[in-house]
Every structure is written in C-alpha cells, then in structure tokens.
Amino acid sequence: MNNYYVTTAIPYVNDKPHLGHAMEFVMADVLARRARQQGKQVIFSIGTDEHGGKIAEKAAELKVKPEQLSDQMSLEFKELAKNLSLSNDRFIRTTDEAHEQRAQIIWKALASDIYKANYVGWYCTGDEEFFTETVVKENKGVCPDHNRPYEKLEEENYFFKLSAYTDAVREAVEKASFAVVPDTRRNEILSVLKEGLDDISISRPKDKIGWGIPVPDDPTQVMYVWFEALMNYITVLGYPENKDFKDFWPADVQVIGKGILRFHAAIWPAMLLALKLPLPKQLYVHGYITVAGKKMSKSLGNAISPDEVIGKYGSEAFRYYFLRHIPSYSDGDFTWETFDAAYNNELANELGNAVQRTMVMVQKYQNGLIGDIPPAEHDMAQYEEALDQCRFDRALDEVWEQVRGLNQYIDEEKPWEIAKPAAAGGDEEHLREVLAYQCSNLLEIADLLTPFMPDTAAKIQGIFKEGIIRPIEGTLFPKQEIKKQ
RNA sequence: CGCGGGGUGGAGCAGCGGCAGCUCGCGUGGCUCAUAACCACGAGGUCACAGGUUCGAGUCCUGUCCCCGCAACCA
C-alpha cells in the first residue's frame, strides 16, 4: 500500500525526443514526486524501445549498426530526462540483456495463448512491405509508388489469442479496476473492445527483420517489437522472481499518449491477464501538442526541440508551462507567445514577486526575523483530487488561486502601513502576524509546488523555512524583455 | 454512411438545463512593500448555423456547415 510504481511509455528510438515525450516525462515525474512527498516508496521508470524493422532501416540509411543508432538515441532521451530534472529511478532499454531474457521468459509463460498460423497480407516488393486491406482497396490493388499490383503473400507468424481476453479486459475497464482516464479515452477503448479484437501477429520472420528478440526455441522468428516492448513495464521490475516485481506490480499509474491507447488498454492488459497478473490501477492518456495550431512535423519545419524550450527559461518554466497550459485531458498548443506570457505574468509577476515582496518586507521591517510561522490552513482537497485524476492543469490552477489570494491579502493588510511608528498608526505585533502569515502561505505554496517545480519549491522553502530570511541570489524568475517579432 | 474530438467576448479555455464565467490582452482608477511588479473596477459575446423538446437550452434531441486528430501490426 505504501509502494508506488509509475511508468511512461518508452519512446521508439527512430527519432529524436520531441515536446510530447518531454511532456509525458514531466507528467509522470509529478506523480512520482508527489508519491514520494506522501512518504511512499516509489519506482518511476522510463526508457527506450529499440528493436524492429524501422530501426534497422534507419540505421542502414545512416550506415551504422542498429546498436549504434539505439545507443545514441537512447542517450538523447537520457539527456532529456536530466535536463527536465526527472526523478526517474530506472531507465530501461529493450536491448538490455535483462529485458531480452525476461521477454523470453514471458513468451514461454504465454505459451498456451500463442499459436502459429499463416499471416496473409498484401505485399509490394517495391516497398518490401505489407499493406492493409483498406490501403490496397484505396489504391485499387495497385501500388501507386511502384505502379505494380500488390501481391498476396503468406507468412508464417506466431499469434497471440487476444480475442480470448477482450471480454475480461472490457469488464476491467468498465468496473474501473483498470481505470482509463480521461473518460473520452475510456469510452474510446470501450467501443473498440465491444466490437471485439482479433488475435494479433506477434512475431516476424528473422530473415526479414533481424533486429529483435529471438522467439524461444524457434530461430527463424523474432518477436514483434510492440509485443516485446510492452513487457518492459514488468521486466524492469525483474519479472518474475525479483522482489521489486512482487512489491511494486501492479503499477499505480501508466502514462501514455493517445496514439498508443489500443496497445496499452487492450493488448497489454490482455497479456497481463494471460500471465495471470493484476492490471495497472490507472492508465492516464494525455493528448498531443501542436505548435501554433499545427501538428509538429518535419515537412512543415515547425518542430521545436524540448532543449530549445528548456533553454529559454530553464526546466522549471518548461515543466510549469506544459503541466498547466497544455490541458491534461486534451490536446494543447504551444506558442512562444503564450510561453513568454506564462513566464512573465504567472511565474515572475505573480509567484516570483509575491516571494520577493514578502522577503523584502521581513528584511526591511523586522531585520529578517519571521518568528513563529503558523501552520498552513487552506483546504487543498481540490488539488489532491485533481492530482488523483492526473489533472495537472487543474491542480496548478488551485495553487495559483493561493498565489493570487496571497497578493490580495498583502494589498488588503497593507503591511507597509502597519510598519509605521505606533504614533502613525503602526502596530508591531500585528505586523509580525501578517508577515508570518505571508511566509506560512508561501511555504504552503512551496509544498504544493514540490511535485511540479522541485527547484523552485526548494528555493522558497530555503528562504522562509528557518524562521529567519535566508535570501537567494537574484530573483526566482527574472522578468524577461519580450521582443516583438 | 469508418471512428473520435471540437466550433463560447481580440486570443486561449471553463461551464453541459435555471440570471454567460476564467486567464491573457485592452481601458480606467488605487497602492507604493515588491521583478515598471501588486490590487480594484470597466468595455467587449445573437455561446458555428437551422429546426425541435422544455416554464426555461452553450447546456438535451435532429439536421447542416466548418476545423482537427486517428484509421490494425505503421508506435
């Protein structure tokens, strides 16, 4: 009960990290940090997915070995995690020996739900690729790129009896023993599950795609990447025998993007049921990020790298923006304008300045001495509830209610008036109470901010916690001049 | 009739049956402790369009138009 396990999806290493990966990392980090704050034992795992034809192809393009490509890309994701101040305690790579071995153990454990059959598909030798019925139909049976008819090809694959588990998975989603949030995603997957799922092919012939984990006892086949990648969530804990696995599975929350919902809300739970393992308690599905209203893409040339954004105001501001201004339950948009505005208005003016004015007043009027700080008094039920539901945006709204409230309080109490000599209407004792309340409120805010902006929270605590002001160098969030165009 | 999400003041969003709300931006005023910051007030919306249900509809139903994603082994 006191253990907490949170994961992100493991990004595929065919491309560099983008804003979506960064946001997902940060969201999961909030959950992990909050759980630690609540005194739980936490495992927070991220990683990279590195096998498959796509990687092999990409490596060939770059004239390197797949190993080299994935080493390099995996490193980029590790760098990103560091730059975002992630607190992950694991980073799994699907090329880790332990993962490969354990994936084979899992395969064997699933044996009674795996069978061999022919996969029939439409193949274009020009593309060296299978195409779906729909695509073939759309193109009227002729590949538009090569102007040759698709061939009907058969390939021997292993299949997983996904169909046998759809009802059980559906029930778990309906009863919310496996809670899919938000509701829109829950409804989406329920409608898929109601239609029923076909068995899925889970291996590829080794001579076609060599870059994968070998199927146990069959050297001609490798595991299909997706099937094997999903297993990372338990192999990283050391399934089946490791203590961590026993202590931390099922996951408390798995964080994914909407594009891979089916894999995590249909196939993965089916695999777990087949392994007779409990399902994750919650699957949180975030949306996608657009840039100035457009989908990020290379062809549009509008891709922004996370490092570029982090570089502007630092990781704390990055975390803040993507957690509060990208809606937790739907798609969101990034523009430099709104990012600048959020930084200057909310971080610098509202929060940073509240800290600054409080700090300076205590220094100026009381030589930096705060005295007894009263305990926090706000009802944060809304904040807690928001976080339980992974509504990071709402949780931060609640925190900012307090920030604004504090600024209002200061304006109403007018400490600079009370600080005047008694003859001029001042009141030393009342002043001390007002300032102590301000400090108390800031410490409470720092507490609430800890999962979101750990460095900022620590700085605020550093200033006020000891009952005497310990000033910091400069200001929390130096205001930036915004250049127009 | 492939599936889903959405169209609410200049911008971004909330509201999902009972006087249309928040943040930014804009205007006016206040304050002076503070990062030219903070606080108050104000202007600005026929809630995409057309029907319907209802005592009463952004809010429910029907239809239309527009935008944006996803469409099975491709992450």
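The basis for the numbers below is simple: all heavy atoms, side chains too, and nothing from hydrogens, waters or symmetry mates. Source: prediction; values computed, not measured. Chain A is the first sequence line, chain B the second, and so forth, proteins listed ahead of strands; every chain is numbered from 1.
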[X] near the nucleic acid: base, sugar-phosphate alone, or nothing, with a heavy-atom cut-off under 4.0 Å?
X	result
A/Lys414	nothing
A/Gly259	nothing
A/Phe227	nothing
A/Gln356	base
A/Glu413	nothing
A/Ala342	nothing
A/Arg324	nothing

Would you kindly give the [atom1]-to-[atom2] distance between [X] and [N], to the nearest whole Å?
X	N	atom1	atom2	result
A/Met359	B/A37	CE	P	19 Å
A/Arg404	B/C38	CZ	C1'	11 Å
A/Lys258	B/A71	NZ	P	10 Å
A/Met361	B/C38	CE	P	14 Å
A/Asp183	B/G5	CG	P	11 Å
A/Arg432	B/C33	CZ	P	21 Å
A/Lys54	B/C73	NZ	P	11 Å
A/Tyr224	B/C73	OH	C1'	4 Å

Picking from [options], which would you name as closest to the side chain of [X]?
X	options	result
A/Asn407	B/C39, B/G5, B/G69	B/C39
A/Glu188	B/G4, B/A14, B/U35	B/G4
A/Asp198	B/A72, B/C38, B/A34	B/A72
A/Tyr365	B/A34, B/G4, B/C33	B/C33
A/Trp416	B/A34, B/C33, B/G25	B/C33
A/Arg357	B/G5, B/A34, B/A40	B/A34
A/Asp411	B/C38, B/G5, B/U23	B/C38
A/Leu476	B/C73, B/U23, B/U35	B/U35
A/Glu346	B/U23, B/C33, B/C38	B/U23
A/Asn349	B/G5, B/C38, B/A14	B/C38

Next item on the list: Could you check A/Lys420 against A/Asp333 and say which one's nearest nucleotide on RNA chain B is further toward the 5' end?
Entry: A/Asp333
Check: Does A/Val360 or A/Phe263 map to a spot on RNA chain B nearer the 5' end, using the closest nucleotide for each?
Finding: A/Val360
Check: Which residue, A/Phe159, A/Phe160, A/Tyr158, forms the ring-ring contact (aromatic ring centres under 6.0 Å, His included) with A/Phe227?
Finding: A/Phe160
Notebook entry, point to check: When the aromatic ring centroids of A/Trp416 and A/Tyr365 are compared, is their separation below 6.0 Å?
Noted result: no
Check: Is it true that A/Phe322 and A/Phe334 have ring centroids separated by less than 6.0 Å?
Finding: yes
Item checked: Cation-aromatic face contact A/Arg391/A/Tyr329, 6.0 Å, 45 degrees ->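 Here A/Arg391 passes the 6.0 Å and 45° test against A/Tyr329.
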Checklist line | Ring-face cation of A/Lys78 near A/Phe91 (centre distance under 6.0 Å, axis angle within 45°) | finding: yes
Ignoring backbone atoms, establish whether [X] has a side-chain N or O less than 4.0 Å from OP1 or OP2 of [N].
X	N	value
A/Gln408	B/A40	yes
A/Arg204	B/C74	yes
A/Lys364	B/A34	yes

If we take the [atom1] atom in both [N] and [M], what is their distance in whole Å?
N	M	atom1	answer
B/G58	B/U53	P	15 Å
B/C16	B/C61	C1'	14 Å
B/C74	B/C3	P	25 Å
B/C60	B/G15	C1'	15 Å
B/U46	B/C33	C1'	47 Å
B/G63	B/G5	P	15 Å

Check: Between the side chains of A/Asn232 and A/Arg93, is a donor N or O closer than 3.5 angstrom to an acceptor N or O?
Finding: no
Check: Do the side-chain N and O atoms of A/Asp397 and A/Tyr383 include a donor-acceptor pair separated by under 3.5 angstrom?
Finding: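 Per modelled atom types, A/Asp397 and A/Tyr383 side chains form no pair under 3.5 Å.
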Next item on the list: Find the partner of B/A50: check Watson-Crick (N1-N3 plus N6-O4 or O6-N4) and G-U wobble (N1-O2, O6-N3) distances, both under 3.5 Å, and reply none if neither fits.
Entry: B/U62
Item checked: A/Tyr320 and A/Trp400 aromatic ring geometry - parallel, tilted or perpendicular at 30°/60° bounds -> tilted
Note to self: Between the base of B/A34 and the side chain of A/Asn353, is there a donor and acceptor pair under 3.5 angstrom?
What the structure shows: yes
